[in-house]
Each structure stands twice: as structure tokens, then as C-alpha cells.
Amino acid sequence: MQYPEFIHAAKRQFNVTTETEALTISRAFLHTLTDHLAGNTADNLGAQLPAQLLQIIREIGAEDRDQGQRFKLTEFYNRMADRAGVDRETGKRYTHQFVQLLSQMVTAAELQ
């Protein structure tokens, strides 16, 4: 999926009207996911995404990308909500919606 296709799909998926809104949600998800992933997993994932999304992942320093913090799914929703500036239920919904988008962009093996 190319970046313009991603933006179109993200706006539709998140039910937002602007690219900025879609990117705010995407950034919140990718930063939270990067917090959780260990080693070079975030970079490997990003390599399958449009370059602009890989750049979002790389906004987090290389040392921090390697840490792989352990936290529960409920904490993921909370971090997602905080970063996106929304309530927890909306953060949870956006998380699920982004995973659906992600499944269209990466291989099944990478998604697992």
C-alpha cells in the first residue's frame, strides 16, 4: 500500500476528515507499539510500511526502540488514548482499527 492509499484508508477507517487526524492516530499507535516491541522488530515492521510511517516509528530513538517494555493490552489502550488525545474507549477502538489497516500492509508472519 502506498502512502496516499494509506491516508485514504485511514481516514475512512478512523472516520476522520483530515490527513492530520489520521496521522495523529497513526503516530499514537505506532509509538505505543514501538514501546512494546523488542529488538529491531519495530524497524522490521516499518520496512513493510510506507516510508512516511517508518519515519514515524523512527521518531523514537534507536535505543528506545530496542527496549521492548512489557505491558498489558489495557495499558496499550491507555497509552494509545493518551497519545491520541482521546478517551480510553476511543483509544481502544482506534487500536483495533489500526490493526485492521496494518493487516492490509504487512505479511501475516510480521503481524503475528
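Index from 1, following the sequence.
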Is a salt bridge present between Asp87 and Lys92, judged by a nitrogen-to-oxygen distance below 4.0 Å?
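Looking at Lys92 together with Asp87, the answer is no, because their closest N to O distance does not fall below 4.0 Å.
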Please determine if Glu89 and Arg93 form a salt bridge, counting it only when a charged side-chain N lies under 4.0 Å from a carboxylate O.
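A salt bridge is absent here (no side-chain N lies under 4.0 Å from a carboxylate O).
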Please determine whether side-chain contact (heavy atoms from CB on, under 4.5 Å) holds for the pair Phe71 and Asn78, giving the CA-CA distance in whole Å, both sets of side-chain angles, and the decisive distance to 0.1 Å.
CA-CA 11 Å; Phe71 50 85; Asn78 291 336; over 6 Å; no
For [Y], does its backbone N or O pair with a side-chain atom of [X] as donor and acceptor, under 3.5 Å?
X	Y	answer
Thr41	Leu37	no
Glu5	Gln2	yes
Gln97	Phe14	no
His8	Tyr3	no
Gln48	Leu45	no
His36	Gln69	yes
Thr90	Val86	no

Heavy-atom side-chain proximity of [X] to [Y] below 4.5 angstrom:
X	Y	value
Arg27	Arg83	no
Val99	Phe29	yes
Asp35	Phe76	no
Tyr77	Tyr94	no

Does any donor atom in the side chain of Thr24 or Glu21 lie under 3.5 Å from an acceptor atom in the other side chain?
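Glu21 and Thr24 do not have a side-chain donor-acceptor pair below 3.5 Å.
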Decide yes or no on side-chain contact (heavy atoms from CB on, under 4.5 Å) for Ile57 and Leu49, but give the supporting numbers first.
CA-CA 10 Å; Ile57 289 170; Leu49 302 176; 4.2 Å; yes
Check for me, please, whether [X] and [Y] land in the same ILVMFWY cluster - side-chain distances under 4.5 Å, paths through other members count.
X	Y	result
Ile7	Leu30	yes
Leu23	Ile25	yes
Val16	Phe98	yes
Leu54	Leu33	no

Minimum heavy-atom separation for Ala22 and Ala10, please, with both atom names.
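Looking at all heavy atoms of both residues, the closest pair is CB-CB, 3.9 Å.
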Minimum-distance pair of heavy atoms, taken over all atoms of Met80 and Thr95:
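The pair with the smallest heavy-atom distance is CG-OG1, 3.3 Å.
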Passes side-chain contact (heavy atoms from CB on, under 4.5 Å), Glu59 versus His31? Steps please.
CA-CA 8 Å; Glu59 290 172 355; His31 283 187; 3.0 Å; yes
Gap between atom CG of Asp82 and atom CD of Glu75 - 0.5 Å precision:
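With rounding to 0.5 Å, CD (Glu75) is 8.0 Å from CG (Asp82).
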Verdict with supporting geometry, Asp43 and Arg58, side-chain contact (heavy atoms from CB on, under 4.5 Å):
CA-CA 8 Å; Asp43 288 319; Arg58 290 188 173 159; 3.4 Å; yes
